[in-house]
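Throughout, a chain's letter reflects where its sequence line sits, starting with A, and its residues are numbered from 1.
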Amino acid sequence: MTTNWKNWISEYGLFLLVAICLISLWEWVVVKGMVPSFIVPSPSKIWHALVENIRLLMIEHVPATLYEVLIGFGISLSGGLLLGIGMYFSKVLEKILYPFLIISQTIPLIAISPIFIMWFGYTIWSKVAVTILIAFFPIVVSTYDGLKSGGQEYRELLMTMGANRWMIFKKVQLPMALPSILSGVKMSVVYSVVGATIGEWLGASEGLGYFSRRMSSNLQADAVFAAIFLLSLMGLLLFLCITFIEKQILKKKLR
Amino acid sequence: MTEVIGLSDLSILRIKNLSFSFNGKSKPIFYQLSMDVKAGEFVSIIGPSGAGKSTLFKLINGLLEPDEGEIQIKGNKSGSRLGSVGYMPQKDLLLPWRTVLENVILPCEILKEDWRKKMPVIQEWLSRFDLSQYENAYPDELSGGMRQRIAFLRTLMTGRDLLLLDEPFGALDSMTKRNMHRWLLGLWGELKKTVLFITHDLEEAILLSDRIFLIKDGRVYERKVHLARPRSTEQIYHSELIEMRKELEKLIHHDN
Ligand SMILES: Nc1ncnc2c1ncn2[C@@H]1O[C@H](COP(=O)(O)OP(=O)(O)OP(=O)(O)O)[C@@H](O)[C@H]1O
Ligand SMILES: [Mg+2]
């Protein structure tokens, strides 16, 4: 038990210490009146805004955003894996798709979002579309690159054992690509939160992005910060979820 | 289309007039090379670095195709050679995410054999290779000598009669290597395989082999080793063996 605590402290102690110092400094600067509180509210004010709005946030906005994130991420994950694997197996598919993938990342989101709103209206799908546009890319690339990189010698060894392409994929390529794929997935889940928030900013009737936009037009900076706090907490928790799953998979398959 | 030569011909490997060059390279690695290996033989292949020893193995196991000539394994003239010999590359290439046992049964998985049924046999081999206590360990927890033995056992598990071993003991220190020689010489009688064995170590080549092929400038020279079996590692100090080493060294280093 004590060693657990020691590990925990040595792992996160420094971060916590610095975080506490920064927050105290922030509080102090704002309370002293060096920055007007409608521009940067103090941490205590943000906390109050959070507590004040907690019911509304938890019942309405957090679930709405989380829902969009999970749908967008789920589609990105399954589609991205499929495309990445497809591109690995088919040179033609790779030649066709890779340029499009890169172009998709050069599109300014703010410019394309009105089109999504035009297509999907104010439904959940306009936000899911923005989410997918951001979250899809890291998964396809990490899957494809992970499968492609290295392993030539292992592949040859399996060929001399009489293995076909599918066998080689299953026994060597996939396990070797797994760490790369999983780090793509971790990036993607964090981007999903960003994507859903942007989607909500551009047009929504609920969700943390919508809430923070409404509050900012009311000049309630503390409530905006409260929403931001919840969003980053959401991203963090999702990230930790994937890390946990990653550990389980690697322990089983790759140790 | 496969053509099988009569049973009286016991060549397990027959190479006829093999020529090969890597694409875009004018100088061929092999030119009109021929060799013949009988079932049950232990043949070492020596030669200067870059002579093409590893390339020869890749031609035999089917990873490369000859420009001219033919390679017959058990009389099979045509069709892919992939999957017809056991190949142990120079690096052990153990899959780091698999345990010792899982690495060893990899060839069985690929040939879609039911390895669970073969488990007693596999267990027996593991103990013969002194790996029993380590079957659930991961390769990175083991020493170089153990890893080489695992790779060797994996090659054996392909069930093929002809084994191509590319410098299997190349990465080992001389003490460990000596132990591996002792172990391999002890095992040879019951192994019932044909082995082609690339090495840079002449002593090792003489001690282990029935014949030695020297590959040099695209050609092959052959020497027989007249040492009775079973052999022991002590025999490296015999005068005939030392003589033979001198002769081979001359052959490698001098042009003729
Ligand atoms: N994939 C390749 N493409 C082009 N040239 C190659 C390739 N592989 C090997 N070679 C060349 O073929 C020659 C023979 O290489 P090989 O690896 O067979 O030598 P080797 O006898 O095994 O040497 P060593 O004892 O150092 O392992 C070398 O000159 C090498 O540069
Ligand atoms: Mg070599």
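- With a 4.5 angstrom heavy-atom cutoff, B:Leu93 touches chain A via backbone and side-chain atoms both.
- Heavy-atom pairs under 4.5 Å with chain A were tallied for B:Thr155, B:Thr158, B:Leu95; the largest tally goes to B:Leu95.
- Counting heavy atoms of neighbouring residues, nucleotides and ligands inside a 6.0 Å radius, atom NZ of B:Lys91 does not exceed 12 of them.
- Shown here is A:Phe120, whose CZ atom has more than 12 heavy atoms of other residues, nucleotides or ligands within 6.0 Å.
- Within a 6.0 Å radius of CD in A:Gln105, more than 12 heavy atoms belonging to other residues, nucleotides or ligands are found.
- Applying the 6.0 Å contact sphere to OH of A:Tyr12 captures no more than 12 heavy atoms from other residues, nucleotides or ligands.
- A 6.0 Å sphere centred on CZ of A:Phe136 holds more than 12 heavy atoms belonging to other residues, nucleotides or ligands.
- Annotation: A:Tyr88, atom OH; neighbour count of heavy atoms from other residues, nucleotides and ligands within 6.0 Å is above 12.
- With A:Met161 as the partner, the side-chain contact (heavy atoms from CB on, under 4.5 Å) test is satisfied by one option alone out of B:Asn61, B:Leu111, B:Leu106: B:Leu106.
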Under the criterion side chain to side chain contact (heavy atoms under 4.5 Å, CB included), I'd like the reasoning laid out for A:Lys171 against B:Arg98: C-alpha separation, chi angles, the key distance, then a yes or no. CA-CA 10 Å; A:Lys171 304 283 177 200; B:Arg98 284 175 166 243; 3.4 Å; yes
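- A:Met159 touches chain B through backbone and side chain together, each having a heavy atom under 4.5 Å away.
- Here the straight-line distance linking atom OG1 of A:Thr160 with atom CZ of B:Arg81 works out to 12.5 Å at 0.5 Å rounding.
- Annotation for B:Pro89 and A:Leu157: closest pair CD-CD1, 3.6 Å, computed over non-hydrogen atoms.
- By the neighbour-count criterion of 12 heavy atoms within 6.0 Å, atom CZ of A:Phe169 is densely surrounded, having more than that number from other residues, nucleotides or ligands.
- Counting all heavy atoms, side chain and backbone alike, A:Met167 lies closest to B:Glu109 at CE-O, 3.5 Å.
- Within the 4.5 angstrom heavy-atom criterion, only backbone atoms of B:Leu94 (N, CA, C, O) approach chain A.
- Rounding to the nearest 0.5 angstrom, the gap separating the NZ atom in A:Lys170 from the CD1 atom in B:Ile110 is 10.0 Å.
- Heavy-atom neighbours of B:Lys53 NZ from other residues, nucleotides or ligands within 6.0 Å: above the threshold of 12.
- Contact count versus chain A (heavy atoms, under 4.5 Å) is highest, among B:Leu63, B:Val85, B:Leu164, for B:Leu63.
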